[in-house]
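Below is one structure, written out as structure tokens; the observations come after it.
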2 protein chains.
Amino acid sequence: MCQDGAVATRTQRSPRRTEALSRERIVEAAVELLDTTGESGLTFRVLTERLATGPGAIYHHVANKGELLTVATDEIVAAALAVEPLASSPQDRIRAVALGLFDAIDAHPWVATQLSDSGWQATTPRILESIGRQVGALGVPEDDWFITTTVLMQYILGAAAQNAANARHVGPDANRAELLGAMAAEWAELDPGDYPFTRAVVGQMRDHDDREQFLAGIDLVLAGITALHLTGRQAAVHREP
Amino acid sequence: MCQDGAVATRTQRSPRRTEALSRERIVEAAVELLDTTGESGLTFRVLTERLATGPGAIYHHVANKGELLTVATDEIVAAALAVEPLASSPQDRIRAVALGLFDAIDAHPWVATQLSDSGWQATTPRILESIGRQVGALGVPEDDWFITTTVLMQYILGAAAQNAANARHVGPDANRAELLGAMAAEWAELDPGDYPFTRAVVGQMRDHDDREQFLAGIDLVLAGITALHLTGRQAAVHREP
DNA sequence: ACCTGAACACCGTTCAAGT
DNA sequence: ACCTGAACACCGTTCAAGT
């Protein structure tokens, strides 16, 4: 979908050897299956065959399919966040962390569904921590840490999920331009009376670049943080009484 | 739902029998099932029983389970967006639309998963259109319409999805304070060396109000829009070279 | 302790047959 | 055209039995 998803892949693949079954090997096989065949491709039957065992053996190391998915997701996210951003400004470090997550989810679209379904559980603290530190470094007052970081995280996951869904709908092989073209064609056929705005932005949607768009969104949120939490007063946006 | 209106014309012993099977009745039953028993509760077996037919009859009106979910989701979203916001400022109308979606997704948590998985397809244009009109009214230049509206939509769906996931994890009956308390307790047990930020915001997370938090996020994005797209210059946020 | 593999309950979907 | 319901292929999970 996006560019080269150069996310650290495991190199060593042990051939036929009857390496002892372990939690790690199971999760590794699950991730590989998810990446290559999608969410519906992860099956205890296939997993069993891949690992040359029976289902009972897998259940001896993992509680159930849900835990397997949770652990697999956590592993991907942890790897994506493990890269310490070197940029000098907190803003740029936030951009780096955000992009790292975006690319990881783009490379492993099934992670998006899993993260969306987990709420505040599981891997959420990892993400919160990584972004939150930069929010602190930004100079946001401590009382605003939680809202600020949460908004960033929710935008990142929302945008990444949407992007991943697009990628999932066409499969890893398909052409990006074709996909956008097909969608643009659909939008162009919407009733002009009901969808004037959508039709007006068809061109922008057809031509947009996912990563660029995502970064523009991050910049927008950062600008909002600056306006609302880094100046002395509650500027810019005001509500009706 | 309950057809209590027509009485004397026909003596019906069996509860709801008779009424002709239709796409509408099927979708209606599916929504009810999803709302009361969750995503895993929607089954062709149960649906079949509820509607007093065989599976074949349902497949005569609906292509498959996926279509059923898509249509059900579209119905909920359409209903949520049907309420025309009366607020006088575009900002307040955006808040109204956003809150309408948030509440709808909160009431029907399964909608979140469905929307996250749909990408730019299906009901996306509805949401884009509704928010986009207000973005236009805001005075955002046409070239920025797509990014601006997209960011708003992605934040809304991301936040609503996270909220829905939390709700889903405890069930409709459970106590909200208990849930947050339990999560706060979990966070408080994280390694202080690895999670200093997360531990620092435990209190804020325990005490936060979901809707208030969501609206604060909308305000933050609106402030970003104001800063980046409603002033003459590219202010506030600047990148490193 | 770790693994095997048949078996169980359940799922979405199909289809020949009825009206 | 619309519906019936048995049947099919497949799923996650269990468990008595083996080593």
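- A salt bridge links B/D103 to B/R211: one of the charged nitrogens lies within less than 4.0 Å of a carboxylate oxygen.
- When the P atom of D/dC11 is taken as reference, atom CZ of A/R45 falls 6 Å away, rounded to whole Å.
- Annotation: side chain of B/T123 is not in contact with side chain of B/Q114 (no heavy-atom distance under 4.5 Å).
- Atom-to-atom, CG of B/L69 to C1' of C/dG12 comes out at 12 Å; the value is rounded to the nearest Å.
- Under the 3.5 Å distance criterion, the side-chain polar atoms of B/T124 are matched with a main-chain donor or acceptor of B/Q121.
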Start with the C-alpha gap between A/T113 and A/E39, add the side-chain angles, then the distance that decides, and say whether side chain to side chain donor-acceptor pair (under 3.5 Å) holds.
-> CA-CA 9 Å; A/T113 309; A/E39 311 204 46; 2.9 Å; yes
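- At whole-Å resolution of the value, CZ in A/F44 and P in D/dT13 are 5 Å apart.
- A/T43 contributes no side-chain N or O that, together with a main-chain N or O of A/V46, makes up a donor-acceptor pair within less than 3.5 Å.
- Side chains of A/I76 and A/W110 form a contact here, defined as non-hydrogen atoms less than 4.5 Å apart.
- Taking a pair as Watson-Crick or G-U wobble with both distances under 3.5 Å, DNA chain D forms stems of 3 or more consecutive pairs at C:4-8 with D:12-16, C:12-16 with D:4-8.
- Contact check on A/R50 versus A/E28 returns no salt bridge, with no Lys/Arg side-chain nitrogen under 4.0 Å from an Asp/Glu carboxylate oxygen.
- Salt bridge absent: A/R45 and A/E49 never bring a charged side-chain N and a carboxylate O closer than 4.0 Å.
- Nucleic acid contact for A/L42: sugar-phosphate only, since backbone atoms but no base atoms lie under 4.0 Å from a heavy atom of the residue.
- Atom CD in B/E67 sits about 15 Å away from atom P in C/dG12, given to the nearest Å.
- Annotation: B/Y155 is not in aromatic contact with A/Y155 [ring centroid separation under 6.0 Å not met].
- With rounding to whole Å, A/K65 atom NZ is found 14 Å from C/dC10 atom C1'.
- Under the 30°/60° scheme for interplanar angles, the aromatic rings of A/W120 and B/W187 are found to stand perpendicular.
- At whole-Å resolution of the value, OH in B/Y59 and P in C/dG12 are 7 Å apart.
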Taking N or O atoms only and anything under 3.5 Å, show me the protein contacts with nucleotides 17-19 of chain D, one pair per line.
none

Got a list of protein N/O to nucleotides 2-5 of chain C N/O distances below 3.5 Å?
| residue | atom | partner | partner atom | Å |
| --- | --- | --- | --- | --- |
| C/dC3 | OP2 | A/H61 | NE2 | 3.4 |
| C/dT4 | OP2 | A/G54 | N | 3.4 |
| C/dG5 | O6 | A/G56 | N | 3.1 |

With salt bridge (charged side-chain N to carboxylate O under 4.0 Å, His left out) as the test, would you mind laying out the steps for A/R199 and B/E129 before giving the verdict?
-> CA-CA 9 Å; A/R199 289 171 57 103; B/E129 181 70 29; over 6 Å; no
